[in-house]
**Student:** 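What follows is a single structure, and I will ask about it in a moment.
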Amino acid sequence: MHSESAEHRDKAGQSQDEWLWGWDPTPGIVSVWAENDGWALVWRRLPETGQLVRERVRFRPWLLLDRLDDLLHVGDRLGLAGSADALIEYRVLDGPGELRFLVSAEDGRTLSSALLHGASQRLGKRIGHLRDLGHDTVLSLSPEEQYLVATGRTYFRDLPFDKLRRMQFDLETTGLSPESCRIFMISVRAPSGATQVLEARDDSDEAEAELIRQLVAVVQAEDPDVIENHNLHGFDLPFLDTRAERLGVVLALGRIGSGGLRQRAARRGTASEGDARRRVRFIAPGRELIDTLDAVLRYDFATRELPGHGLKAVARHLGIAKEDREYIPGDRIHEVYQRDPERVRRYATSDVEEVAEVARMLGGAAFALARMAPRRYERLADAGAATGVLDPLLVRAYLRAGMALPAHQAGDGTPHQGAALHLFASGVARRIVKADVASLYPSLMRAFRIGPKRDHLGALLAIVDRLVERRLAAKAAAKAAAAGSVERYTQEALSAAMKLVVNTAYGYMAAGGTLTRFADVHAANEVTRRGRATLDLMCRELAARGVTLLEADTDGVYFAVPESWTEADERRTVDEVAALLPPLVHLEFEGRYAAMLSHEPKNYALLTYGGKLLLKGVAFRSSRAEPYGETFLRRAIERLLAGDIPGVRDVYLATLDALRRRELPTYEVSSFVRLTKSPAKYLETRDSRRELAYEAMLASGRTAWSVGDKVRVYRAKGGSGGVVESPEHAAYAADGPDRRDYDADHYSRLLRDTFASRLARAFTPADYAAVFADPGQLSLFAPSLDTIHSVLNRQ
DNA sequence: TCATACCGGGG
DNA sequence: GTGTACGGTATGA
């Protein structure tokens with residue numbers, strides 16, 4: 001009895017592993033290209049030798065249908081799987097799912113044309129494409145995915161990331177529009193790490209055409225598995241495609257065929273040529289085209305710590321930008337090239353080197369996903385985790401189990417309910433503790449077995465269970481591996497990928513039925529309801545232990561503890577409350593801070609015990625904010641949290657003084673804007689409405705700009721404006737020394753109304769007025785600064 | 001004035 | 001034949 005049930009569990013465990021990883025052990029797949037005719041090309045890099053092999057294999061194209069009706073017209077040529085002579089085979093899957101007929105043929109065209117013919121007859125109108133049948137009646141995957149689902153193969157088995165042949169290239173162009181601008185330089189980084197810079201010999205069509213031919217030749221010679229760049233699909237490939245077409249160059253970047261790039265539909269890509277509302281991405285069969293911008297977005301979605309998503313900002317943030325890295329504003333690159341080409345060569349070379357490193361550091365999650373889900377690597381790199389990763393895993397699991405899949409189903413109108421957010425107090429508090437539950441929603445799903453109602457196989461919960469367990473193992477393995485080792489890197493990437501998928505399981509259910517197959521708003525609401533109850537319980541129990549609650553959001557809470565408490569008291573209290581929560585829901589002591597300025601929900605400043613100031617939320621950090629204001633905020637909050645109120649006023653007065661005496665460089669008062677109107681368009685409306693950014697351009701003598709240009713502008717005296725270079729670009733400034741003709745009164749008002757006001761919650765109104773009174777206007781009746789204390793306002 | 005549409009990135 | 005957010009500015013009724 002006992003051994004039998006253990007065996008049963010083993011079997012269940014084994015099939016659940018297959019849901020996660022597939023089942024075919026074929027190692028080293030680096031690319032798959034399949035056609036509807038039943039032929040698939042598989043490129044494999046042998047893990048032992050690194051050698052590339054190409055295999056051409058047969059597979060049986062398949063579809064899932066909700067009925068066989070539309071195929072009955074073929075008569076005897078339709079037969080049960082395994083029967084002789086059947087041109088089209090079918091199999092009836094188990095369970096209540098609507099899509100229960102798995103049909104297949106040697107050639108997918110036989111299948112689809114028979115189906116379209118039958119459907120046209122049944123519906124009395126011409127059905128020209130499978131998608132016209134609606135995805136509630138047919139499930140049709142791309143040929144590659146049909147192949148991967150049917151075989152249980154996945155990419156990259158037993159192949160470490162650094163065995164992939166990865167190449168990077170980056171275009172330097174005279175502008176953003178491929179209609180009117182040219183490519184004049186292409187930097188290339190080979191898989192070996194060697195870099196080279198290709199250049200057009202002059203600005204003729206023939207020179208540009210030759211440059212593109214050189215790139216194609218380098219790609220063919222290096223024969224990479226993967227081509228990477230930042231915004232590759234948004235800029236470089238579309239630009240290259242348009243230029244190549246105009247110049248009559250064939251962009252043979254793939255491993256098969258002699259034609260140019262192919263296309264696929266994609267959410268974020270470039271506007272399609274035929275239909276501007278459609279977005280497409282380019283494909284080069286045999287290679288995977290990876291955009292590091294996708295990896296950056298995915299990374300920042302989880303961490304929310306990147307200052308921006310541009311290559312330079314990311315490289316600096318990750319600490320991979322070299323000290324002497326060349327920076328040139330985008331709209332100056334071609335102009336700088338004409339007088340100092342060497343500088344642009346260095347710039348372009350750094351671009352590809354940084355891209356290679358960003359891809360290595362942030363691309364691991366997509367690489368790990370490609371070892372699990374039955375999709376091409378490049379699809380998994382830009383896929384959303386719900387429809388792009390979980391859905392394919394679930395489809396493969398159901399087919400592997402021989403179970404029918406439910407069709408997409410719209411919700412019943414029940415609205416989706418979200419998380420809780422409480423602001424208990426604002427102002428200044430001391431001795432702060434942050435406690436939170438890691439992965440609250442997946443934990444609740446697991447603890448209370450909340451899964452989609454129609455997932456009769458229980459695959460989503462099983463996959464989440466497996467991922468959580470496997471992720472713990474990956475985290476432990478990463479920790480055990482040597483720092484910087486391939487093993488650590490691989491395990492960390494695996495852990496990141498698994499976290500991504502686990503955290504999407506809830507979003508998968510909450511998404512509408514048009515998006516995900518197993519969407520279930522009731523289950524999703526049950527998760528958030530349990531989440532709110534858990535947060536409320538945490539808050540109640542913490543308050544009952546004598547803490548002051550400050551802010552609670554979804555899965556975490558900030559609170560202040562009494563003066564007499566030690567860190568041990570803090571941790572013990574969190575542990576006590578943690579013990580009261582449901583199993584699998586782990587409340588953790590996340591951090592402790594000396595003080596906090598709570599401004600608004602999700603907007604606060606924290607002072608660490610080490611004296612470091614952390615600013616969170618848009619009120620405290622914004623890329624558009626004027627640098628002098630950010631500096632003021634930081635200094636003033638430092639004084640505030642140190643309990644030095646006269647110091648806060650000193651910082652305010654010193655900033656006002658520096659503005660009025662023009663000691664601040666113009667850069668300090670400038671803000672970062674993106675120009676969205678062309679010069680012509682602005683001139684149309686200039687008479688009715690003047691806009692600072694364009695006035696600044698005109699006043700600086702820059703009358704020609706492109707939509708999309710980004711500049712720093714400031715307001716000058718008399719309502720005019722000016723453009724200023726940031727310090728790192730100052731070397732290229734065409735203008736002379738800083739004139740500092742900014743509107744000091746305007747920026748003084750901005751300091752008071754926009755920046756100082758972020759400290760308002762820290763004081764009573766009267767005290768706030770005293771601290772930020774104009775110089776010389778401190779009234780006799782105002783409180784003395786020495787007697788003012790910051791406050792905490794309970795809500 | 002308020003609602004909605006669009007953007008993030010690339011030279 | 002696709003589909004992760006959200007907080008901003010820009011635009012239009």
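Keep in mind that the numbers below use all heavy atoms, side chains included, and drop hydrogens, waters and symmetry copies. Letters go in sequence order (proteins before strands), and every chain restarts at 1.
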**Student:** Does B:dG10 have its OP1 or OP2 closer than 4.0 Å to a side-chain nitrogen or oxygen of A:T173?
**Tutor:** no
**Student:** Within 45° of the ring axis of A:F282 and under 6.0 Å from its six-membered ring centre, is that where the NZ or CZ of A:R264 lies?
**Tutor:** no
**Student:** Does a donor on one side chain sit under 3.5 Å from an acceptor on the other, for A:E199 and A:Y337?
**Tutor:** yes
**Student:** A:E172 CD to B:dG10 P: how many Å, rounded?
**Tutor:** 11 Å
**Student:** Scan side-chain atoms only and decide if A:R316 and A:Y327 contain a donor-acceptor pair under the 3.5 Å cut-off.
**Tutor:**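 On atom types as modelled, these side chains qualify, holding a pair under 3.5 Å.
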**Student:** Which part of the nucleic acid, if any, lies within contact of A:N229, taking any heavy atom under 4.0 Å across all strands shown: a base, the sugar-phosphate backbone alone, or nothing?
**Tutor:** nothing
**Student:** What integer number of Å spans the P atoms of C:dA10 and B:dG9?
**Tutor:**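 That atom pair is separated by 15 Å.
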**Student:** Looking at A:H230, I'd like to know whether one of its side-chain N or O atoms comes within less than 4.0 Å of OP1 or OP2 on B:dG9.
**Tutor:**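 No, outside the criterion.
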**Student:** Taking NZ, NE, NH1 and NH2 as the nitrogens, is one of them in A:R376 or A:E145 under 4.0 Å from a carboxylate oxygen of the other?
**Tutor:**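 Salt bridge absent between A:R376 and A:E145.
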**Student:** Are OP1 or OP2 of C:dG3 and a side-chain N or O of A:R379 less than 4.0 angstrom apart?
**Tutor:**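 Yes, within the criterion.
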**Student:** Determine the contact category for A:L297: base if any of its heavy atoms lies under 4.0 Å from a base atom, sugar-phosphate if only primed atoms, P, OP1 or OP2 are that close, otherwise nothing.
**Tutor:**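 Contact class for A:L297: none.
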**Student:** Touch check for A:D300, heavy atoms < 4.0 angstrom, all strands: base, sugar-phosphate only, or nothing?
**Tutor:**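 Since no nucleic acid heavy atom lies under 4.0 Å of A:D300, the category is nothing.
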**Student:** Heavy atoms only, 4.0 Å cut-off, all strands: where does A:G507 land among base, sugar-phosphate and nothing?
**Tutor:**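 Since no nucleic acid heavy atom lies under 4.0 Å of A:G507, the category is nothing.
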**Student:** With a 4.0 Å cut-off on heavy atoms, is A:R264 in touch with a base, just the backbone sugar-phosphate, or nothing at all?
**Tutor:**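 Result for A:R264 = nothing.
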